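Data first, discussion second: the structure below is written as structure tokens.
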Amino acid sequence: MSEKKNIMKLITPWMIESGPEGDVVLSSRIRLARNLEGRSFPAHASVSEKNAIRDDIKKAINKKEFNFLELEDISPLERENMMESHLLSPQIIASPEGRGVAIAKDQRSSIMINEEDHLRIQTITPGLDLKTALIKANSIDDDLESILNLAFDEQLGYLTAWPTNIGTGLRVSAMVHLPGLTLTNNLPQLLSSVSQLGMVVRGIYGEGTEALGNLYQISNQRSLGRTEEEFLSDLATAVTHIIGEERKIREALKQKSQYFIEDKVFRSLGILKEARVISTNEALALLSDVRLGIDLGLINQDLKPIVQGLMQIIRPAHLQKYMGNTLEPELRDYYRALVIREELAREG
Amino acid sequence: MLCEHCNLNPATVHFKSVIDGVVQEKHLCQNCAEETGQLKIFNLSNPLGSFFETLLGSMELRPTLMSSKCKACNITFEEFRQSGQLGCPTCYREFREELRPILKRIQGDIVHKGKVPKRAGGKLGVQRKLENLREELKNLVSLEEYEKAAKVRDKIREMEKEAGGESGE
């Protein structure tokens with residue numbers, strides 16, 4: 001491990017930054033779905049049509065700000081790595097033909113090409129800061145629109161492959177860490193009330209993915225009939241409510257079950273510091289406990305960037321990139337434990 | 001209650017259908033429901049597609065609709081019903097009427113109130129104004145307010161000239 005790269009260099013910078021309400025909200029995200037007029041949506045387009053669409057979009061993308069990549073040119077491991085960094089969706093990495101991605105130099109903005117729609121503009125900010133993300137997404141959209149003829153209908157708004165995205169083409173989401181609500185079994189009830197407000201809760205990589213490490217993505221369900229700002233403020237209201245509930249429960253846990261919660265946090269830290277073989281899921285669950293310990297003031301704040309970094313680096317593709325080669329799953333579990341031990345030991 | 005079809009297993013799947021006002025109930029076990037194809041709409045491999053199938057099942061549709069094609073991308077309404085995805089932007093215009101109740105169900109509202117592309121914004125703005133003026137003209141003529149009507153007509157001509165000039169550039 002002496003030739004090991006610096007762990008932080010492999011981590012998406014925004015992921016270890018803490019933003020507003022950073023004790024509960026990891027990041028805010030905006031997605032705008034856009035399509036070109038006169039072209040079939042990707043699911044119905046032939047590879048040659050998709051290539052033509054990609055070429056048109058490539059010309060419209062600001063080369064100073066974005067690195068443009070054709071997915072066929074990226075190795076499967078690298079694609080998976082980009083998915084773990086939230087730059088690509090699980091759907092797009094399986095079949096790369098005719099698809100592409102443009103990634104901003106700061107990795108806070110990206111544009112997926114020919115995923116479910118011709119264009120998926122995505123912006124991310126640390127913590128709860130949806131407005132900054134929307135302003136950025138709008139400016140990318142304005143730049144593209146000045147060159148591309150986007151499909152738009154006066155009544156239905158921006159036209160998208162799925163009728164669930166028409167209108168604004170907007171998905172606003174916040175990634176939240178809810179160990180308190182999960183631990184006390186309060187989550188199902190809260191989530192059902194959130195869904196009544198028109199919000200959806202998903203796992204960490206979006207649609208159809210599971211919740212790992214007590215991380216959840218909360219986003220709007222509808223996209224038509226309201227302005228972007230209204231959708232934003234609806235989500236912010238729901239998320240603010242969830243933050244309040246999570247904090248209340250954390251405080252109560254600390255007051256009423258101090259020994260229980262301290263035991264849980266330090267036991268998890270102990271396992272992470274000593275384990276020799278560990279799966280992604282177990283590691284994420286334990287890191288979630290340690291993160292909770294940091295946010296409750298039981299563990300030194302200095303450990304937070306390390307914990308946030310580990311939450312990303314221990315995922316299969318990142319781990320393999322970090323180790324510099326592809327690893328069998330059993331070996332991965334061994335090296336994962338090794339990386340965690342070394343990083344935690346570094347902080348004393 | 002036992003399954004009406006095989007009379008062996010307990011009935012766990014219950015259907016109620018209303019056709020021309022006649023209510024029919026069916027009580028089947030899981031196996032028979034699958035075999036007779038009654039469970040097809042609950043297949044969750046494509047939740048949205050099956051949702052549309054269920055939704056469309058409750059609507060009155062013109063008989064030729066399922067086989068009618070989008071003139072731009074050639075997908076049929078039947079294909080949309082199965083996949084839940086449209087083929088291209090033109091599909092929304094071709095199937096506008098049929099999509100309206102579906103969109104209303106999933107989106108709640110069917111009028112876009114958000115961002116408008118700057119380029120379309122200019123054109124759309126003029127079109128909207130023209131529509132309003134033509135409506136006003138009609139009203140004025142019916143009220144026999146010919147003097148005012150003439151002014152509105154001149155305004156319309158002026159705007160049409162400008163819009164035409166722009167698109168010709």
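Treat the numbers as computed from the prediction; the structure is a model and nothing was measured. Within every chain, numbering begins at 1; the chains are lettered A, B, ... in the order of the sequence lines, protein sequences first and strands thereafter.
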Winner by heavy-atom pair count (cut-off under 4.5 Å) against chain B, out of A151(A), G167(A), A45(A): G167(A)
Distance in Å, I166(A) CD1 paired with L103(B) CG, rounded so as to fall on 0.5 Å steps: 4.5 Å
Does a sphere of radius 6.0 Å around NZ in K63(A) hold more than 12 heavy atoms from other residues, nucleotides or ligands, not counting ones at 6.0 Å or beyond? yes
Look at N35(A), N138(A), L150(A) and state which one has the largest set of heavy-atom pairs under 4.5 Å with chain B. N138(A)
Please look at L86(B) and chain A and tell me whether the side chain, the backbone, both or neither of the residue comes under 4.5 angstrom of a heavy atom of that chain. both
Is R222(A) salt-bridged to D109(B), cutoff N-O under 4.0 Å? no
Using a strict cut-off of less than 4.0 Å between a Lys/Arg side-chain nitrogen and an Asp/Glu carboxylate oxygen, indicate whether E37(A) and R93(B) qualify as a salt bridge. yes
Using heavy-atom distances under 4.5 Å, tell me whether L148(A) contacts chain B through its side chain, its backbone, both, or neither. backbone
When rounded to the nearest 0.5 angstrom, what is the spacing between CD in E154(A) and NE2 in H112(B)? 10.0 Å
Max heavy-atom pair count under 4.5 Å with chain B, selected residue of S40(A), S146(A), G169(A): S40(A)
Counting heavy-atom pairs under 4.5 angstrom with chain B, the leader among T160(A), L36(A), L170(A) is T160(A)
I need the residue from L159(A), N149(A), L224(A), T168(A) with the largest number of non-hydrogen atom pairs under 4.5 Å to chain B. L224(A)
So for A43(A), is it side chain, backbone, both, or neither that comes closer than 4.5 Å to the heavy atoms of chain B? side chain
Contact part of N220(A) toward chain B, heavy-atom cut-off under 4.5 Å: side chain, backbone, both or neither? neither
Of all residues at least two apart in sequence or in a different chain, which pass the side chain to side chain donor-acceptor pair (under 3.5 Å) check with T132(A)? D129(A)
Looking only at heavy atoms, what is the nearest atom pair of V116(B) and Y158(A), with distance? C-OH, 3.9 Å
Top contributor to chain A contacts, counting heavy-atom pairs under 4.5 Å, from C73(B), G108(B), A72(B), G87(B): G87(B)
Heavy-atom count check: over 12 atoms from other residues, nucleotides or ligands less than 6.0 Å from E229(A) CD? yes
Any donor-acceptor pair under 3.5 Å linking the side chain of Q107(B) with the backbone of P163(A)? yes
So does G225(A) get a backbone contact from the side chain of K113(B), meaning a donor-acceptor N/O pair under 3.5 Å? yes
With rounding to the nearest 0.5 Å, note down the distance linking CZ in F41(A) to SG in C91(B). 7.0 Å
Pairing of D142(A) and K115(B) as salt bridge, 4.0 angstrom limit: yes
d(F80(B) CZ, H44(A) NE2) to nearest 0.5 Å is 10.0 Å
